[in-house]
Amino acid sequence: MTTTAAGPAQPIDTLVVDDDFMVARVHRAFVERVDAFRVVGVARTGEQAVAAVDRLRPHLVLLDLYLPDMFGLDVLPRLRAAGHDCDVMVVSAAREADAVRDAVRQGVVDYLLKPFEFQDLRTRLERYAERRGRLLDTVVRGQADVDRVLAGAPGPALPGPALPKGMSAETAELIERTLRAADGTLSASECAALTGVSRVSARRYLEHFHTIGSAEVSLRYGVAGRPERRYRHRDRAATGLSPAGQVRV
């Protein structure tokens, strides 16, 4: 658990809401592996979630949207009407843009698509804890203090194309960020060296971005063996001719 000079930090009490008891058990185990977080309860319906918040007063609710008695986002106005100011992080398979937009309008702190790996949730929980700490500790003396609190706190993004099974959203984000920042094209080996993942994994993610149209592929000739596949993010793709020795595909 995180500590300060004054002693242990207060744990972030978390309520897990999911109608599938096995999924809820996995999510509970994930949360309890993250420092500073403590699961105080599990609910399987919207009504149970409202009652659990009343009873347990969690700081954070991990909320599934497909509940047996109501749509998950319908829980939020009931919590606010009852005076609860707990934060809500959506954890759901709901990919509809309308659901994401409605979640943003209702003030959710993040939106994580199922299925996901532990590291995906851990990153979001740690980001939430950091942001929450800034909100609790800040003293507002002027605009600069307000800007400092709000810095690095973007709303949840609309879900993009689903990743193939076995791919991690965090690794995909790392690969895409590296590709976008590259000055020119990258091979899978170069991308692997920059990110620390294996060459095979880098190649798989790069090919995924090519498949969904986020990256261009060019072939570099002039070396022994098969031509080398090189990748460029479309946001940085140059118009016109490719560099000498490369053919776009």
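Both backbone and side-chain heavy atoms feed into the values below; hydrogens, waters and symmetry mates do not.
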With Arg80, which residues qualify under salt bridge (charged side-chain N to carboxylate O under 4.0 Å, His left out), at least two apart?
-> none
Are side-chain heavy atoms of Glu117 and Arg122 found at a separation under 4.5 Å?
-> no
Answer yes or no: is there a side-chain heavy-atom contact under 4.5 Å between Val91 and Phe116?
-> yes
In this structure, CG of Asp64 is separated from OG1 of Thr45 (nearest 0.5 Å) by 11.5 Å
Reported CG-to-CZ distance for the pair Leu186 and Arg232, which is rounded to 0.5 angstrom | 9.5 Å
Taking the six-membered ring for Trp, are the ring centroids of Phe37 and His59 within less than 6.0 Å of each other?
-> no
Ignoring hydrogens and angles, tell me if any N or O in the side chain of Arg28 forms a donor-acceptor pair with the backbone of Val16 under 3.5 Å.
-> no
Write out all pairs satisfying salt bridge (Lys or Arg N to Asp or Glu O under 4.0 Å) with one or both partners inside residues 187-204, taking only residues at least two apart or from two chains.
-> Glu190-Arg230, Arg203-Glu207
Start with the C-alpha distance between Glu228 and Leu219, add both sets of side-chain angles, then the distance that settles side-chain contact (heavy atoms from CB on, under 4.5 Å), and finish with yes or no.
-> CA-CA 5 Å; Glu228 181 182 51; Leu219 301 180; over 6 Å; no
Apply side-chain contact (heavy atoms from CB on, under 4.5 Å) to the pair Glu130 and Glu126, showing each step before the final yes or no.
-> CA-CA 6 Å; Glu130 179 183 358; Glu126 290 177 342; over 6 Å; no
Quick one: ring pair (Phe, Tyr, Trp, His ring centres under 6.0 Å) partners of Phe30, sequence neighbours excluded?
-> Phe118
Are side-chain heavy atoms of Ile12 and Tyr128 found at a separation under 4.5 Å?
-> yes
Going only through I, L, V, M, F, W and Y residues with side-chain contacts under 4.5 Å, is there a path from Val23 to Val39?
-> no
Is any side-chain heavy atom of Cys191 less than 4.5 Å from a side-chain heavy atom of Leu179?
-> no
Would Arg25 and Val42 satisfy side-chain contact (heavy atoms from CB on, under 4.5 Å), going step by step from the backbone distance to the final call?
-> CA-CA 9 Å; Arg25 180 182 297 177; Val42 175; over 6 Å; no
Is Thr171 close to Gln119 at the side-chain level, that is, under 4.5 Å between some pair of heavy atoms?
-> no
Between Arg124 and Glu170, is the closest basic N to carboxylate O distance under 4.0 Å?
-> yes
Output for pair (Ser214 OG, Ile175 CD1), nearest 0.5 Å, gives 13.5 Å
For Thr178, what residues pass the side chain to side chain donor-acceptor pair (under 3.5 Å) criterion, not counting sequence neighbours?
-> none
Does one hydrophobic cluster hold both Tyr231 and Leu174, with members joined at side-chain heavy-atom distances below 4.5 Å?
-> no
Taking all non-hydrogen atoms of both residues into account, name the closest pair between Ala52 and Pro58 and its distance.
-> O-CD, 4.4 Å
I'd like a table of donor-acceptor pairs (distance under 3.5 Å, sequence neighbours excluded) in which one partner is a side-chain atom from residues 65-77, with atom names and distances.
{"unit_1": "Tyr66", "atom_1": "OH", "unit_2": "Glu96", "atom_2": "OE1", "d": "3.3"}
{"unit_1": "Tyr66", "atom_1": "OH", "unit_2": "Glu96", "atom_2": "OE2", "d": "3.3"}
{"unit_1": "Asp69", "atom_1": "OD1", "unit_2": "Gly46", "atom_2": "N", "d": "2.8"}
{"unit_1": "Asp69", "atom_1": "OD2", "unit_2": "Gly46", "atom_2": "N", "d": "3.3"}
{"unit_1": "Asp69", "atom_1": "OD2", "unit_2": "Glu47", "atom_2": "N", "d": "3.0"}

Decide, yes or no, whether a salt bridge links Arg131 with Asp87 under the criterion of side-chain N to carboxylate O below 4.0 Å.
-> no
Smallest separation among heavy atoms of Tyr111 and Ala94, with atom names | OH-O, 2.7 Å
Side chain Tyr205, main chain Met167, donor-acceptor under 3.5 Å | no
If every non-hydrogen atom of Ala49 is compared with every non-hydrogen atom of Leu15, which pair is closest and at what distance?
-> O-CD2, 3.9 Å
Closest heavy-atom pair and its distance - Cys86, Leu79 = SG-CD1, 4.1 Å
Heavy-atom side-chain proximity of Lys114 to Asp18 below 4.5 angstrom | yes
Does any non-hydrogen side-chain atom of Leu125 lie less than 4.5 Å from one of Leu60?
-> yes
List in chain and number order the residues that pass salt bridge (charged side-chain N to carboxylate O under 4.0 Å, His left out) with Arg38, two or more places apart in sequence or in another chain; answer none if no residue qualifies.
-> Asp13
Interatomic spacing from CD in Glu216 to NE2 in His233 - rounded to 0.5 Å | 10.5 Å
Given side chains that start at C-beta, do those of Asp110 and Arg127 come closer than 4.5 Å, heavy atoms only?
-> yes
Report the distance from atom CE of Met89 to atom CG of Leu112, rounding to the nearest 0.5 Å.
-> 7.5 Å
Return the minimal non-hydrogen interatomic distance between Asp54 and Ala82, and the atom names on each side.
-> OD1-CB, 4.5 Å
